[in-house]
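A short worksheet on the structure shown next.
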Number of protein chains: 2
Amino acid sequence: MTGTYVHGYRPRENERLHDQAGTLVDLLHSDTAYPAGSTVLEAGCGVGAQTVTLARRSPQARFTSVDISADSIAEAARRIDRAGLANVEFGQADILALPYDAESFDHVFVCFVLEHLARPADALAILTGLLRPGGTITVIEGDHGSTYFHPHDPDAHAAIRCQIELQARAGGDALVGRQLYPLMAAADLDGVQVGPRMVYVDSSRPELVDGFTRKTFTAMIEGVRDPAIAAGLIEPPRFDAGVRALHRTTEEDGVFCYTFFKGVGEKRGT
Amino acid sequence: MTGTYVHGYRPRENERLHDQAGTLVDLLHSDTAYPAGSTVLEAGCGVGAQTVTLARRSPQARFTSVDISADSIAEAARRIDRAGLANVEFGQADILALPYDAESFDHVFVCFVLEHLARPADALAILTGLLRPGGTITVIEGDHGSTYFHPHDPDAHAAIRCQIELQARAGGDALVGRQLYPLMAAADLDGVQVGPRMVYVDSSRPELVDGFTRKTFTAMIEGVRDPAIAAGLIEPPRFDAGVRALHRTTEEDGVFCYTFFKGVGEKRGT
């Protein structure tokens, strides 16, 4: 009998690293970097959660990060200052009425923005119009309908559906992630490629149990308790049972799954 | 302005390849291979769908593939013969009563089997008992509750729930994929690692549209029409509408998502 198996037989390292991306930042951003000197529009930067990562990963690129909220921009600018980064300019504008010339950016980056828009296809058409031919647009969105977990619990799914319904009533779409390919394929783009970025959490990954299941996803659902109840979407005991069930998935035998989608396309015309 | 962006900026090639595994075989098996001379038990080989792939990818390993069904074994043996492979022996046995000595295999492989068992933890305990210390067990299972698609359709989900309910009534669990980590962590194994293997299908991947969405998943759901209706789980018009909605996801703007889970652990005791 050969002894070569003694140390076990492991999956290819690159697969392991891909599956086990330690943080959400790795999972979503590890393959995004922009060349020195290129100009990048970040549309809908919010408080700069992604801006710091983008600017740090592409220190020689020049970012223009815009948001509709002046307060958010102020916070994003503080974060960039604190990070010691100097390659980001900020602007205040509606994503559907951006004050830039056609074909004036080398690249566009959009993250967690389409989910809030009533007309995401229009937004993509406008953003694509700002790209130089051959430039790329990168889009990252979540999909709350991709959520499942062990132990399975109908009340937890009912609580999640409250978030989806409230977002729909606000004009958004919490299921936009799965729609990235048709949305991007309908824009003036070549070579659109969309891939899932699945967050898989079990108790062997404690940083994701705490950082994603508990403090990101479950906290987000907990945050809609009052509006969901006020809107008559759910009875308080059922909502609370659902949140308890989400916390239950953070125990030793629990598992939690959620999928983001990332798409890249290239402006036609080269 | 730098011109380096002209040819676009693409994700790292290994990520792209991982995301776009052209076939289900690549997605599920590309990181499984066994050393020359090692002995591998394939428990629950069925008609040999995985056996041919396993034996071909590890031509110097020796496989023992067992199933409870003599008819299935005969078909599996024919497939192995037709593939020109000579490194597989077959045996007929119940996975809960296998006629092998403790610690008599270097590795164990189980694929699409736990989903059919009422006591998957017991099966894993038995299989782990057959492993030599330091040997590995690899488990692959699907999870029908991981299914979602665009356009979203409640009737399609109702039809899928029929399959899940029928499998539960037969003593199985079509949601077992998400439970692999706790199931394997409870066995006599070290270093259990579970990762999702998500099948993401959009119309840029026509071979998966046809091979997976249409001919694998939707065909499986269509196959439970009669028993689901006979069991009173659903009205025929709703089931048929659900199946039409699943076919609708194979159109140009459709998207289909399903996730398998793959786990590997190492027998304690080295």
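In what follows, chains carry the letters A, B, and so on, assigned in the order in which the sequence lines appear, proteins first and then strands, with residues in each chain numbered from 1.
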query = Less than 4.0 Å between a side-chain N and a carboxylate O, is that true for B/D31 and B/R197?
reply = yes
request  = Pick one of side chain, backbone, both or neither for A/T147, based on which atoms fall under 4.5 Å of a heavy atom in chain B.
outcome  = neither
query = Which region of B/T138, side chain (C-beta onward) or backbone (N, CA, C, O), has a non-hydrogen atom less than 4.5 Å from a non-hydrogen atom of chain A, or is it both or neither?
reply = neither
message = Quick one, A/H157 with A/Y148, criterion side chain to side chain donor-acceptor pair (under 3.5 Å). Give me CA distance, side-chain angles, the key distance, then yes/no.
response = CA-CA 8 Å; A/H157 280 289; A/Y148 54 97; over 6 Å; no
inquiry  = Using a 3.5 Å distance criterion without hydrogens, assess whether the side chain of B/S38 forms a donor-acceptor pair with backbone atoms of B/Y34.
reply    = no
query = When the aromatic ring centroids of A/Y258 and A/F260 are compared, is their separation below 6.0 Å?
reply = yes
request  = Among the options B/K262, B/R178, B/Q179, pick out the one with the most heavy-atom pairs lying under 4.5 Å from chain A.
outcome  = B/R178
query = So, do B/T64 and B/V40 sit near enough that their side-chain heavy atoms are less than 4.5 Å apart?
reply = no
ask   = Using a cut-off of under 4.5 Å for heavy-atom pairs, which of B/C257, B/A185, B/S203 has the most such pairs with chain A?
value = B/S203
inquiry  = Please identify, among B/V192, B/L175, B/T259, the residue contributing the most non-hydrogen atom pairs under 4.5 Å to chain A.
reply    = B/T259
query = Does any heavy atom of chain B fall under 4.5 Å from the side chain of A/F149, the backbone, both, or neither of them?
reply = backbone
